[in-house]
Amino acid sequence: MNFDFENPFADYGNIVRGERFIGRKESLKVIENRIIRPNEPGNLAIIGEPRIGKSSLVYKAIMEKKSELVKGNRFPVWLNLATYDKSSIFFRSLVTESLAELENVDKISPRIQQAANKVFQDKMSWTEGYGKIQRYFEKIKNEGLHIIFILDEFDHARYLFKGDISGFQGLRELSYRPEWRVTFVTTSRRSIRDIEMQTQAISTFDGIFYKYYLGMFSDEDKIEYFAKFNSSITSLTCEAKEKIEYYCGGFPYILEMLGYEIIECYREKHRVDIDETVERIKQSLLDQYDRMIDLLKEDKSLNKLLQILFGPIIDILQTDIEQFLKYGLIITLKDDVYQAFSKHFNEYLNIIERYIDIWPLWSETERKLRFVIAEILKGEYGIDWVNKLEKAQVKLKPIFDECKKLQLKEEKTFGNRASKDLLDFTYPRELFSIIFSRWDIFKNIFGKDQNYWNQRAELLSKVRNPLAHNRSQVINDYEKDIAEGYCKEILSALLKF
């Protein structure tokens, strides 16, 4: 068999173009209807997670149709906002870059050139310089030409225009006024309004955009992705596809990164082993997760995501859920349970959740309960207390078996990031089941009777559950208050230990 084939994912991480581009039919239609088809295109904001494919989508939909657009006197101009450190230089580049595009097709009239020259005169105030930029685009408009600016990495505007409302207002006026109207297509992780809020310079720039959230690959897109392997691997088995789905979900960058390694492993070893291949990219995969976590922390949304997936539910609104669904960070399973975009990322978040105080009082209660249970049972049975207890209390075996299974899986998947404490894999119901199995040695600490604490265990278990069924699992304020009271009561009892 010939293994001298081209890896279709060899350039992963870059803008995907041409035949390398995968799917996104609905997203392409959005750009077609907003930008390509109309004689007067509207502004469009493409919003999504880093490496979700925003730039590739815009490049495919607009830049690859550049010759067609130019024939209709529409000129796409690509600018990466992250390459600018001064707003004045950025605004001048709107002129220089658009002028260069017009020059390429010999569309610069004397009036346009004269207006451009005036923009580059030295020692002008912002107001005077901006006015000349407007006049320049007015001359372009009068010639029947239209500029489409693609502002990639628009999140950088929070630094470029920080504390300066004139930056956003200047862009708005260039697109809002019909005399010199230009079109803006932005790509960003955050909405334009969120970016403006971070600059502390709120304007009405956001109001002139159609917002489109780009999420994960659809099932149709993933079929096209799997077909990319056919040029090198005869076909992927159903088992291999299921494992790829487990690790990647529909995240384009992760799919392409893994796809590249699958084909290279196949070239070297003449077989496909997804788990083995993932080992080769484990650090890169975890680095990607860490970047995502850092951004969620920066936006103060990590706690909300963890609440939805694992509980306890403290301050989740339906709008929070809808926002995560828009980004594709969570998906709704068939039974209306929420999960992260992939099972692997979901398990990673479960590790993160252990070290984040979503609800400090609750976290302290869980940690203290686990510590006291372990110490008392060690005193009773010794270091090997788990095995001895499950032999003595057969009904606990399913609990410990599940904990061991989860611990082993986590260790295999995440290495030294996995927890070594078996009780970390338990929830309140399981913790109290362990306590009740040896109530004779715990009752002096807790006081009261078993029924008394069983009532508390029931409510705390409900509170600890994730937001599993859309709105139905949201707990009431009075239940939160009661749960807090129970936590304080538990901590008070454990002080005796």
Side-chain angles (χ1 to χ4, degrees), residues 7-38 41-69 76 78 80 148-155 183-192 209-231 236 241 244-245 247-260 288 292 322-332 340-342 345:
N7 192 324
F9 306 108
D11 63 340
Y12 80 87
N14 297 316
I15 288 180
V16 178
R17 58 193 179 88
E19 293 183 358
R20 272 278 288 110
F21 188 83
I22 294 173
R24 302 295 200 185
K25 288 183 180 178
E26 292 303 316
S27 304
L28 290 169
K29 283 181 184 177
V30 169
I31 299 179
E32 177 79 23
N33 294 336
R34 182 73 175 174
I35 304 296
I36 307 299
R37 187 172 294 163
N43 296 314
L44 176 63
I46 308 290
I47 305 162
E49 284 293 304
R51 297 185 171 180
I52 203 72
K54 301 183 295 296
S55 300
S56 296
L57 174 67
V58 175
Y59 194 93
K60 177 69 176 178
I62 299 177
M63 299 308 291
E64 289 191 9
K65 292 187 176 181
K66 185 174 180 179
S67 58
E68 175 188 330
L69 289 166
W78 189 289
N80 185 331
I148 301 170
F149 284 112
I150 296 149
L151 304 182
D152 200 21
E153 303 287 350
F154 195 74
D155 291 274
T183 295
F184 291 116
V185 178
T186 63
T187 70
S188 60
R189 178 180 179 269
R190 301 165 183 83
S191 70
I192 292 175
F209 278 82
Y210 176 79
K211 293 91 175 173
Y212 180 74
Y213 285 81
L214 186 65
M216 305 294 166
F217 274 169
S218 66
D219 290 340
E220 186 179 0
D221 296 338
K222 282 183 273 189
I223 291 172
E224 192 172 330
Y225 163 79
F226 288 129
K228 293 285 184 183
F229 291 89
N230 295 343
S231 61
L236 290 171
K241 290 178 182 179
I244 291 171
E245 177 74 27
Y247 285 111
C248 307
F251 203 116
Y253 172 72
I254 300 175
L255 281 165
E256 295 220 324
M257 177 169 60
L258 181 56
Y260 173 79
Q288 170 65 17
M292 295 171 70
E322 290 166 0
Q323 188 77 347
F324 286 120
L325 288 169
K326 281 181 184 177
Y327 279 94
L329 283 173
I330 63 173
I331 57 175
T332 308
F341 69 84
S342 75
F345 186 56

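For the atom pair L57 CG and I46 CD1, the distance stands at 5.5 Å (nearest 0.5 Å). E19 contributes atom CD, which lies 7.0 Å from atom NZ of K228 (distance to the nearest 0.5 angstrom). In this structure, the separation between CD1 on I148 and CG on L69 is 5.5 Å, given to the nearest 0.5 Å. With rounding to the nearest 0.5 Å, the separation of CD in E256 from CG in N14 is 10.0 Å. Atom-to-atom distance recorded for I36:CD1 and K29:NZ is 15.5 Å, nearest 0.5 angstrom. Within the model, atoms CD1 of I47 and CZ of F154 stand 11.0 Å from one another, a figure rounded to the nearest 0.5 Å.
Panel note: side chain E224, backbone G23; a donor-acceptor pair is recorded below 3.5 Å. Panel note: side chain D152, backbone T187; no donor-acceptor pair is recorded below 3.5 Å. In terms of modelled atom types and a separation under 3.5 Å, the side chain of D155 and the main chain of R190 share a donor-acceptor contact. No donor-acceptor pair under 3.5 Å is formed between the side chain of S188 and the backbone N or O of S191. Judged by distance alone, the side chain of T183 and the main-chain N or O of P41 form a donor-acceptor pair under 3.5 Å.
In terms of heavy atoms, Y260 sits closest to N7 at O-ND2, 3.0 Å. Closest approach of P76 to M63, counting heavy atoms only: CB-SD, 3.9 Å. Nearest approach of I331 to A340, heavy atoms of both residues: CG1-O, 3.8 Å. Of all non-hydrogen atoms in F251 and P50, the two that sit nearest each other are CZ-O, 3.5 Å. Between S342 and C248, the shortest heavy-atom contact is CB-C, 3.7 Å.
Residues I31 and V185 form no side-chain contact, since every pair of their non-hydrogen atoms from C-beta on lies 4.5 Å or further apart. Here the side chains of Y59 and W78 are in contact, with some heavy-atom distance below 4.5 Å. Using a 4.5 Å cut-off on side-chain heavy atoms (C-beta onward), I254 and Y247 make no contact. In this structure the side chain of L214 reaches within 4.5 angstrom of the side chain of S27, judged on heavy atoms. K222 has its side chain within reach of D219: a pair of non-hydrogen atoms, C-beta onward, lies under 4.5 Å apart.
In this structure Y225 satisfies the side chain to side chain donor-acceptor pair (under 3.5 Å) test with no other residue, sequence neighbours excluded. Partners of Q323 under the side chain to side chain donor-acceptor pair (under 3.5 Å) rule, at least two apart in sequence or in another chain, do not exist in this structure.
Ring to ring, F341 and F324 are not that close: their centroids are 6.0 angstrom or more apart.
Pairs passing the salt bridge (charged side-chain N to carboxylate O under 4.0 Å, His left out) check and including a residue from residues 44-57, sequence neighbours excluded, read E49-R189.
Annotation for E220: atom CD does not count as buried by contact number, only 12 or fewer foreign heavy atoms lying within 6.0 Å.
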